[in-house]
Amino acid sequence: MEFLKCACVETLYTELPFLDRFRAAKADGFAAVEFWSWEDKDLAAVRAAAGAAGISIAGFNGDGPFSLIDPAQKADYLDYLRRSVAAAHTLGARAVTIHSNALGEGGVVLNAYPELSHTVKLCAMFDTLKDCARIAEESGVSMNLEALNVTTDHVGNFLATTRMAAELAALVGSPKLKILYDVYHMQLNEGSLCDNIRRYAPQIGHVHVADAPGRHEPGTGEIHYPAVYHALWEAGYRGLIGYELFPKTTTAEAVKAIMAE
């Protein structure tokens, strides 16, 4: 049982200039890298750095300043998503991550839309996701819908459970729309990690790992990652494991823990 590992170079290797992180990740044994925003990057330089390092780009965030749950933002959301897909083609990235709410600096939810009912938010998200799936199918770039924790990092985010994310993806019914199962976020929100992995495995398109509490490398918190990895493998997941975590001390120590798994 061995998964290919993906390094989030927004949180790992931060002691290095951004473009140097690709070579460092490859040297440490990662198969791919991912990051957050693409708009603040020189895409040609990023592609060149990844190519020179011989490492693939798994993906990045695709929705920028717009929210799936705001029906008034549908056109702007889809326009930005198309631009993100174009960026993915430039970089050779296989997927983009999408969210229910727009996120600002530090992952802060920009607008929780208290004036919108739960029904409006859910229906708006489903309606726009159908168009997201069509864009994904036409472009070949997958979409991974991510639920986030609402207790610590993303207070006010609408999409907070594996069940809602997975059921929305299943109802849309596209092979190019899956969920990003973030173990750290879901431990904070709901627990039952292995049960939910087994229940919703067919909808999982990507996985993020960090321990809880703290969002550091596995072994620093309460999550028993051997059981989580076993559940993923037994459920048939064979995709990347993305390490979107903040080293407790240094990147070198965090990578040592990651590679020992």
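Below, each value reflects all heavy atoms present in this structure, side chains not excepted, and no hydrogens, waters or symmetry copies. These numbers come from a predicted model, not from an experiment.
Within the 4.5 Å cutoff, side-chain heavy atoms of W36 are placed close to those of T11. The shortest distance between side-chain heavy atoms of Q203 and E167 does not fall below 4.5 Å. Contact check for D70 versus Y77: no side-chain heavy atoms found under the 4.5 Å cut-off. Annotation: side chain of T251 is in contact with side chain of E15 (closest heavy-atom distance under 4.5 Å). Side-chain contact between L103 and L148 is present, with at least one heavy-atom pair separated by less than 4.5 Å. Contact check for T97 versus E244: no side-chain heavy atoms found under the 4.5 Å cut-off. Between Y113 and E115, the closest side-chain pair of non-hydrogen atoms falls below 4.5 Å.
Summarising the geometry, atom CE belonging to M143 is positioned 15.0 Å from atom NE2 belonging to H206; distances are rounded to the nearest 0.5 Å. Distance check: L177 CG to L145 CG gives 6.5 Å after rounding to the nearest 0.5 Å. Taking SG of C194 as the start and NE2 of H224 as the end, the distance is 8.5 Å to the nearest 0.5 Å. The distance from the NZ atom of K5 to the CD1 atom of I241 is 8.5 Å, given to the nearest 0.5 Å. A distance of 4.0 Å separates CD1 of I197 from CG of L232, quoted to the nearest 0.5 Å. From N101, atom CG reaches atom CZ of F66 across 14.0 Å, with rounding to the nearest 0.5 Å.
The closest donor-acceptor contact from the side chain of K26 to the backbone of S56 lies at 3.5 Å or more, if one exists at all. In this structure, S142 contributes its side chain and A95 its backbone to no donor-acceptor pair below 3.5 Å. When atom types are taken as modelled, the side chain of N61 and the backbone of D63 share no donor-acceptor pair closer than 3.5 angstrom. Side-chain N or O atoms of S67 include one that pairs as donor or acceptor with a backbone N or O of A102 at under 3.5 Å. In this structure a side-chain-to-backbone donor-acceptor pair under 3.5 Å is missing from Y243 to F246. No donor-acceptor distance shorter than 3.5 angstrom exists from the side chain of Q187 to the backbone of D211, with no hydrogens or angles considered. A donor-acceptor pair under 3.5 Å is formed between the side chain of K176 and the backbone N or O of G140. Counting only distance, with no hydrogens or angles, the side chain of R82 and the backbone of I135 share no donor-acceptor pair below 3.5 Å. Between the side chain of K248 and the backbone N or O of H216, no donor-acceptor pair lies under 3.5 Å.
With hydrogens and angles left out, the side-chain atoms of E39 and Y80 include a donor and acceptor closer than 3.5 Å. Checking Y181 against N196 by side-chain atom types alone, no donor-acceptor pair falls below 3.5 Å. Checked by atom type, the side-chain pair H208/E34 shows a donor-acceptor distance below 3.5 Å.
The pair D20-R23 does not count as a salt bridge, with every side-chain nitrogen at least 4.0 angstrom from each carboxylate oxygen. The existence of a salt bridge linking R134 and E137 is excluded, since no basic side-chain nitrogen approaches an acidic carboxylate oxygen closer than 4.0 Å. The existence of a salt bridge linking D131 and K74 is confirmed by a sub-4.0 Å separation between a basic side-chain nitrogen and an acidic carboxylate oxygen.
Using a 30° and 60° split on the angle between ring planes, F3 and W233 fall in the perpendicular class, above 60°.
Geometrically, K41 engages F18 in a cation-pi contact defined by less than 6.0 Å to the ring centre and at most 45° from the axis.
Within a 6.0 Å radius of CG in L43, more than 12 heavy atoms belonging to other residues, nucleotides or ligands are found.
In summary, of the residues considered (N144, L159, L81), a side chain to side chain contact (heavy atoms under 4.5 Å, CB included) with I98 occurs for L81 alone. When N189, V155, D182 are each tested for a side chain to side chain contact (heavy atoms under 4.5 Å, CB included) with N149, only one passes: N189.
Hydrophobic cluster membership of V150, counting Ile, Leu, Val, Met, Phe, Trp and Tyr whose side-chain heavy atoms lie under 4.5 Å apart directly or via other members: none, as it forms a cluster of its own.
The ring of H99 has its center no closer than 6.0 angstrom to the ring center of H154.
Listed by chain and number, the residues in a side chain to side chain contact (heavy atoms under 4.5 Å, CB included) with P71 are L116, V120, A124 (sequence neighbours excluded).
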Can you check side-chain hydrogen bond (donor to acceptor under 3.5 Å, both in side chains) on Y225 and E261, steps first, answer last? CA-CA 9 Å; Y225 266 103; E261 293 189 300; over 6 Å; no
